[in-house]
Participant: 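After the structure tokens below, expect a handful of questions from me.
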There are 2 protein chains.
Amino acid sequence: MAKARHKTSQSHPAYPQASEELSLGPLAGLIGFHLRLAQSASFHAFARRLDGIDVSPGWFAVLALIKENPGVTQTALSRADTRDKSSLTPILDDLERRGMISRERLPSNRRSYSLNLTAAGLALLEDLMKHATAHEHELDQLVGPGGKADLIETLHRIAAAFSQQAVK
Amino acid sequence: MAKARHKTSQSHPAYPQASEELSLGPLAGLIGFHLRLAQSASFHAFARRLDGIDVSPGWFAVLALIKENPGVTQTALSRADTRDKSSLTPILDDLERRGMISRERLPSNRRSYSLNLTAAGLALLEDLMKHATAHEHELDQLVGPGGKADLIETLHRIAAAFSQQAVK
DNA sequence: TATTGTTATACTCTATAACTATA
DNA sequence: TATAGTTATAGAGTATAACAATA
């Protein structure tokens, strides 16, 4: 987990287009393209921070959502994190095996699990949160003091708009 | 390729946290979290547009970069798209097999290929560009008229800052 | 020795479909 | 019949390492 390591050797050979940055052409004006590069770079930077901890960036959101919504079910959790419930199962299996979460059948509906953090899970989350905060601090610097709320609102609007489409 | 299909059945059962949106807690304030959701939603929406065309969103950038930088080498291309050269090989193999690109050894450096679009590749790219433009138009609406340049600049700053880190 | 590109391989993330058990 | 969760499986996407050809 969290095993991203790059080695971008900067040589400057003598043939066209290879020594400098490529021209992006129309890509330079596409939000979608920059969204991909920014999220990928940010994700890997966060993963690098988590090196040594055996938890990937995606698991952080799972733990944070359980803490914030005690007793949440797996299906509700998968919806909030916009992935299929079947993608969540192995993650939760692992977190349970490691004693980070508890799963209890709901008496009112014995098909569902009620998910909660254990004390160990809370401690893990708090550790992860420290790294997330440090990472976020870097992002804040890049975005600037006035831009953050706007940026989050815009990103949220994008996510919400296209998620609705997916339902159609 | 481009096979994303969601079915978010909106039932409203009678147990806690399942009927409505979950609380995001601290995640609500994290740029990184919203970056992931926005890019994932936008990516899948674009992929949905490309349904029927046997090319994924990632391949679009490859074709666009080759068009914009005729004769580019594989290593330079992989760098511009921030992925390893070995990830590019199977994509280029496929594009070449389908007659979309040409690969010629550079006389000046016979280790390198010079990549170019064929006529068919250009036609494919133009078709893809129509879909990308339509998708981008949707994003523009969401971002608003004044926000676009700012958003792209911010995303670019994030990508650039963390890519540099990766080199260290 | 260093670099370009290929190959072999593996890991992460995520989805679909069929299943069990409950409702 | 419908829903919650599991299992089996598959397919993108991407990386590392070892390699051949070339520099």
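Chain letters run A, B, ... following the sequence lines, proteins first and then strands; every chain starts at 1.
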Participant: Where do N or O atoms of nucleotides 5-9 of chain C meet protein N or O atoms at under 3.5 Å, pair by pair?
Facilitator:
from: dG5(C); atom 1: OP1; to: Gln74(B); atom 2: N; distance (Å): 3.3
from: dG5(C); atom 1: OP1; to: Tyr113(B); atom 2: N; distance (Å): 2.8
from: dG5(C); atom 1: OP2; to: Gln74(B); atom 2: N; distance (Å): 3.3
from: dG5(C); atom 1: OP2; to: Thr75(B); atom 2: N; distance (Å): 2.7
from: dG5(C); atom 1: OP2; to: Thr75(B); atom 2: OG1; distance (Å): 2.7
from: dG5(C); atom 1: N7; to: Lys85(B); atom 2: NZ; distance (Å): 3.2
from: dT6(C); atom 1: OP1; to: Arg103(B); atom 2: NH2; distance (Å): 3.3
from: dT6(C); atom 1: OP2; to: Gln74(B); atom 2: NE2; distance (Å): 2.6
from: dT6(C); atom 1: OP2; to: Thr89(B); atom 2: OG1; distance (Å): 2.9

Participant: Side-chain contact, heavy-atom cut-off 4.5 Å: Arg98(B) with Val55(B)?
Facilitator: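 Side-chain contact under 4.5 Å: yes.
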Participant: Are any of Ser87(A)'s side-chain N or O atoms less than 4.0 Å away from OP1 or OP2 of dA15(C)?
Facilitator: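 So the side-chain polar atoms of Ser87(A) do come within 4.0 Å of the phosphate oxygens OP1 or OP2 of dA15(C), strictly under.
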Participant: Please verify the inter-ring angle class for His156(B) with His34(A); under 30° counts as parallel, over 60° as perpendicular, anything in between as tilted.
Facilitator: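 Rings of His156(B) and His34(A): perpendicular, as their planes differ by over 60°.
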Participant: Rounding to an integer number of Å, can you tell me how far Arg79(A) CZ sits from dT3(D) P?
Facilitator: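 Checked: the CZ to P distance equals 11 Å.
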Participant: In whole angstrom, what separates Leu77(A)'s CG from dT6(D)'s C1'?
Facilitator: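 Atom-to-atom, Leu77(A) to dT6(D), this comes out as 16 Å.
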Participant: Measure the CZ-CD1 distance between Arg103(B) and Ile101(B) for me, rounded to the nearest 0.5 Å.
Facilitator: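 It is 5.5 Å, given to the nearest 0.5 Å.
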Participant: In this structure, are over 12 heavy atoms from other groups packed under 6.0 Å from Arg105(B) atom CZ?
Facilitator: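 Yes, enclosed.
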Participant: Rounded to whole Å, how long is the line connecting atom CG of Leu37(B) with atom C1' of dT14(C)?
Facilitator: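 Result: 15 Å.
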Participant: Do Leu124(B) and Leu117(B) belong together in a cluster built from hydrophobic side chains that touch within less than 4.5 Å?
Facilitator: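 Both belong to a single hydrophobic cluster.
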Participant: Rounded to whole angstrom units, what separation is found between the CG atom of Asp94(A) and the P atom of dT7(D)?
Facilitator: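 Atom-to-atom, Asp94(A) to dT7(D), this comes out as 14 Å.
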Participant: Could you state the atom-to-atom distance from CZ of Arg83(A) to P of dT12(C) in whole Å?
Facilitator: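 Rounding to the nearest Å, CZ of Arg83(A) and P of dT12(C) are 14 Å apart.
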Participant: In whole Å, I'd like the distance from the CG atom of Asp81(B) to the P atom of dG13(D).
Facilitator: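 Between P of dG13(D) and CG of Asp81(B): 11 Å.
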Participant: Using the rule ring pair (Phe, Tyr, Trp, His ring centres under 6.0 Å), only one of His137(A), His131(A), His135(A) pairs with Phe46(A); which is it?
Facilitator: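 Going through the options one by one, the only one that passes is His135(A).
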Participant: Quick one: is Trp59(B) getting a side-chain N or O under 4.0 Å of the dA12(D) phosphate, OP1 or OP2?
Facilitator: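 No.
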Participant: So does Lys130(B) pair up with Glu126(B), basic N to acidic O under 4.0 Å?
Facilitator: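 Salt bridge absent between Lys130(B) and Glu126(B).
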Participant: Measure the distance from CG on Asn109(A) to C1' on dT20(C) and round it to the nearest whole Å.
Facilitator: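 Atom-to-atom, Asn109(A) to dT20(C), this comes out as 15 Å.
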Participant: Please report the distance, rounded to the nearest Å, between CG in Leu106(B) and P in dA21(D).
Facilitator: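 My rounded result for the distance is 19 Å.
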Participant: Which comes earlier along DNA chain C counting from the 5' end, the contact point of Pro107(A) or that of Ile91(A), where each point is its nearest nucleotide?
Facilitator: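 It is Ile91(A), whose closest nucleotide lies nearer the 5' terminus.
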Participant: Pairs counted only when both distances fall under 3.5 Å, Watson-Crick or G-U: show me the 5' to 3' dot-bracket for DNA chain D, [ ] for pseudoknotted crossings and | for other-strand partners.
Facilitator: |||||||||||||||||||||||
